Each structure stands twice: as structure tokens, then as C-alpha cells.
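Report on the structure given below.
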There are 2 protein chains.
Amino acid sequence: MEPIPSEETGLGPEAMEAPDGEVLGKMIRDARKEKGLTLEEAAKAAAIGRSTLSKIENNQTRPSFEIIRRLMQTLELETPQLFLQSGQSGVTGRRDFTRTGEGEHKETTTYDHELLCSDLTSKRMVPYISTIKARDVTEFDNWVRHQGEEFMFVLSGEVILYTEHYRPLRMGPGDSVYYDSGMGHGCVSVSAEDAKVLWVSLEV
Amino acid sequence: MEPIPSEETGLGPEAMEAPDGEVLGKMIRDARKEKGLTLEEAAKAAAIGRSTLSKIENNQTRPSFEIIRRLMQTLELETPQLFLQSGQSGVTGRRDFTRTGEGEHKETTTYDHELLCSDLTSKRMVPYISTIKARDVTEFDNWVRHQGEEFMFVLSGEVILYTEHYRPLRMGPGDSVYYDSGMGHGCVSVSAEDAKVLWVSLEV
DNA sequence: GGAAAAAGTTTCCTATAGGAGACGCAACGT
DNA sequence: ACGTTGCGTCTCCTATAGGAAACTTTTTCC
């Protein structure tokens, strides 16, 4: 059995291995394989040469931006960022974990928020589990608004998500929703017991 | 009971388009001016030639991906900007939900990824549930790498998260972890049955 | 205005990106 | 064994990317 490491502090004594050119080719090959395409098919779809693609995947060339752009569209790597080896993320080389129920708690009248991974500073997403207290809701008026995007996943219970400009959305375990958190929003439990949802919030 | 709206159509998953010719140069020039840099300064910072930058800005060349990459770092250009014709503002006023098990599936040999948003257009986070197939792992070598940050939450089963520069981390239901996804990482199930984890990925 | 400096463009040259097709090499069936 | 087919690599050639430096334009002083 694997030993459970105590929380690692961050960068070890040795610097992070800089992702060299090797990675780009691998990523593209992986993506192509993922789609089950042959060199010929992928190259044709991207309107580039078969040999060019081969060389790119084997890191034998330094492709032009245009070529990469076409490949990204073809392979549906809609995330050009994937290829940026910029390493300018605030969490570079770091990791942080939280055991069930061991997050830091912040309580309000309606929610009990448990922050996950609160020790990792500079991370851009904020994950937390909210226990939504069951209560009677006649008219929802407890709007929350904060510029950014938010993802919510129902862990247990039945909830209704209120979102400005949309009809209320009833959700059960396993359901999820992604919305502009700049719109007013809020969540109530409609089950007899409290509901638990996982939220991941991203500020602008 | 609240009516459950059928899936909102929102924006379709339209293909990302890169600025064709004309626009790319302009964007770079604008970005450079914005930062108050001269050709010389910007070129030096990006470790490219002054003349090269001039040509790029005037669309007299088809720069390599590597060159553009360096410029984007130097000029702090967001990649999406480069790939989206006009800077349409993210998810403003949008909402998108997915019912349990109704996400779009993408299968590989080790994982079965279920995307939790039908329409990823302009979303910055990518949420998905992965079913990690149980298998024997003697030596882990299936590293995945993509510049950005990632949050993982274990829904069921026992898994081991491998992260470059860290010891493997054994996790059970309810445990969560946040890490730099630019580090090689990967997850295996160590329970007899498949494991399910929720991932939220954020690209740089 | 005129000189000097700074910013940007163009020229010139070398290294190489990218494509066409040849080649290698499995995995088939006959 | 032998072709054949399908997939990936390698060779070769041309067009051009990228950098150094010459050249031109703009700005900033006096």
C-alpha cells in the first residue's frame, strides 16, 4: 500500500524540470491517437503535409504558428494554452490536498462552506463544499454575485439553483451546472435534509 | 415543483478561429504599444530579432509557433485572445447544465472522461468526471501534462494520484487535491472496481 | 532649422520549415 | 513464401523564416 505523504511544501530542492520541446509533439500525437486518426487523415484534415505532421510529432521541426493553429482545430485542441510552456501559473510546481471533512469551515445562515485546499495560495480556482441547510423558501431573494465563472456539482440531496435570467433549476446528486457568477445566483435545499454541493469558483 | 428547463442552446460549439493574417500582426503591435515597449525592447525580452518582430507586426511573415509563444509571454497576451476573432466576453449571462451521466464521453484506455458541459465555448474551467479503470500498475509512466491548474475530487473508489516531484498520493471518496497540471500527473484506481473522480481543469 | 538619437523598415543571407514522394515495415490474405 | 495494403519515417528540394546590419523615418534635443 502506498504511504500517504504528509503535505509537501512545494518546490523541492531541485527546480522544476522545464518542459522542453519534447512535450509539444507528444501532446499532438496523443491528441491524434485519441481521435483515432492516422497521420494521413489528420494531415489532410488540417491541410498540411503528412511528413510535416510526422516531424512535428517527433519534434524534428519547429512548426509555424499557422500549422499548429490548424492542427489544434482539427484535433479539437480548443486549448491553445495547452502548448504554452510559460510556467507562469501561480501554483507552478505545487500541490495541496485536503482529506474528507478536513477543510477549513466558514459558516453563514444558509450555508456551511468547507474550503478545500486552502493552504495553496495563488491558486486561481477556489474549490469548496457547501452544506446547504434545509429551510423553507417561499421567495428566493438571497442573490449572490461575484464577477467570474462558477461550476457546481451536486453531491447529495436535492437543490434548486436560482440564476438570474433563467428559470430555477432543480438538481439532484450527480447533476452539475456551469454559469456566469456575475449573474445573481443562489442555491437552496429542497430535500428534508441538508444538501451537499461542490463548488468551484473562478474569479475574473 | 420547478419545471426543469430543457437544455439551453446558448452558443454552439463553434470552431475557434485564429486571426487570419492581418489581425495577428495588429494584435501583437497593439499589445506591445500597450506595454510601452519599442521593437528593440520587446524583441530582446522575447529573445527574438528586432526585424523579425517588425515583420510579424506587418504581416510580412508567417512566424513559427515558438516565436509567437515567446511573444505572448512577453506581451502577456492571453492565448484565447489570439484565437478568438474578437474578444467576446467569456460566459457572460450564460448557464449550462448536465444531468448525471449525460455528459459527452471521451474514452481512452485508462480513463472514461465525461464532460460536464455540453458547450465549452469560452469557458475557462473544464469540468469532467473520469471513470478510472481498475488495472494493475507496476510502474506509472502515463504522464499527462498541460499548462494550468487542476482540482480533483474523489467521488468513489480508491485512487493514487501521481504527480511529478511529489510522492504518490492515495485518496479516497471526499478527498481532494489541487495541483499545477503543468507537472506530469496521472491517476490510477487501486480499488478492485473502477474509481470515479471529478476534475476541474483550468488552463493558463 | 539642423544634428543626433531613437524607432522602425528593408535588405541580404543562411538555416530550415513544409510538402511530395520514396522508403521501411508491419500485418494481413492468398 | 509472396504480393498487397496501410501507416509512419526519411530524403530531397524549394520557399521562406529569422537574424544582422544597412537603411529610412521619426523624435528630441539644441
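Note on naming: letters A, B, ... go to the chains in the order of the sequence lines (proteins, then strands), and numbering restarts at 1 for each one. Bear in mind that the values here come from a model prediction, so they are computed numbers and not experimental data.
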Just to be sure I understand the rule, does [X] reach a base, reach only the sugar-phosphate, or reach nothing, if contact means heavy atoms closer than 4.0 Å?
| X | answer |
| --- | --- |
| A/Thr61 | sugar-phosphate |
| B/Ser51 | base |
| A/Arg50 | base |
| B/Glu40 | nothing |
| A/Lys33 | sugar-phosphate |
| B/Ser54 | base |

Check your understanding: Quick one: A/Leu71 CG to C/dA17 P, roughly how many Å, whole number?
Key ->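 Result: 15 Å.
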
Point to revise | Name of the residue among A/Asp175, A/Val177, A/Leu169 meeting side chain to side chain contact (heavy atoms under 4.5 Å, CB included) with A/Met152 | key: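 Filter result, single survivor: A/Val177.
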
Exercise for review: Describe, in one word, how the ring planes of A/Trp199 and A/Tyr128 are oriented to each other, choosing from parallel (under 30°), tilted (30 to 60°) and perpendicular (over 60°).
Suggested key: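 The arrangement is tilted - the two ring planes meet at 30° to 60°.
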
Practice item. For a salt bridge (charged side-chain N to carboxylate O under 4.0 Å, His left out) with B/Glu57, tell me which candidate from B/Arg29, B/Lys33, B/Arg50 qualifies. Key: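 Among B/Arg29, B/Lys33, B/Arg50, the one that satisfies the salt bridge (charged side-chain N to carboxylate O under 4.0 Å, His left out) with B/Glu57 is B/Arg29.
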
Closest nucleotide among [options] to the [X] side chain:
| X | options | value |
| --- | --- | --- |
| A/Arg62 | D/dG18, D/dG19, C/dG8 | D/dG18 |
| B/Lys55 | C/dG8, D/dC10, D/dG18 | D/dG18 |
| A/Leu39 | D/dG8, C/dT9, D/dG18 | D/dG8 |

Check your understanding: Counting only side-chain N and O atoms of A/Gln60, is one of them less than 4.0 Å from OP1 or OP2 of D/dT9?
Key ->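 Answer is no, no contact under 4.0 Å.
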
Review point. Starting at the 5' end of DNA chain D and moving along, which residue's nearest nucleotide shows up first, B/Gly49 or A/Arg29?
Key: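 Looking at DNA chain D, the more 5' nearest nucleotide goes with A/Arg29.
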
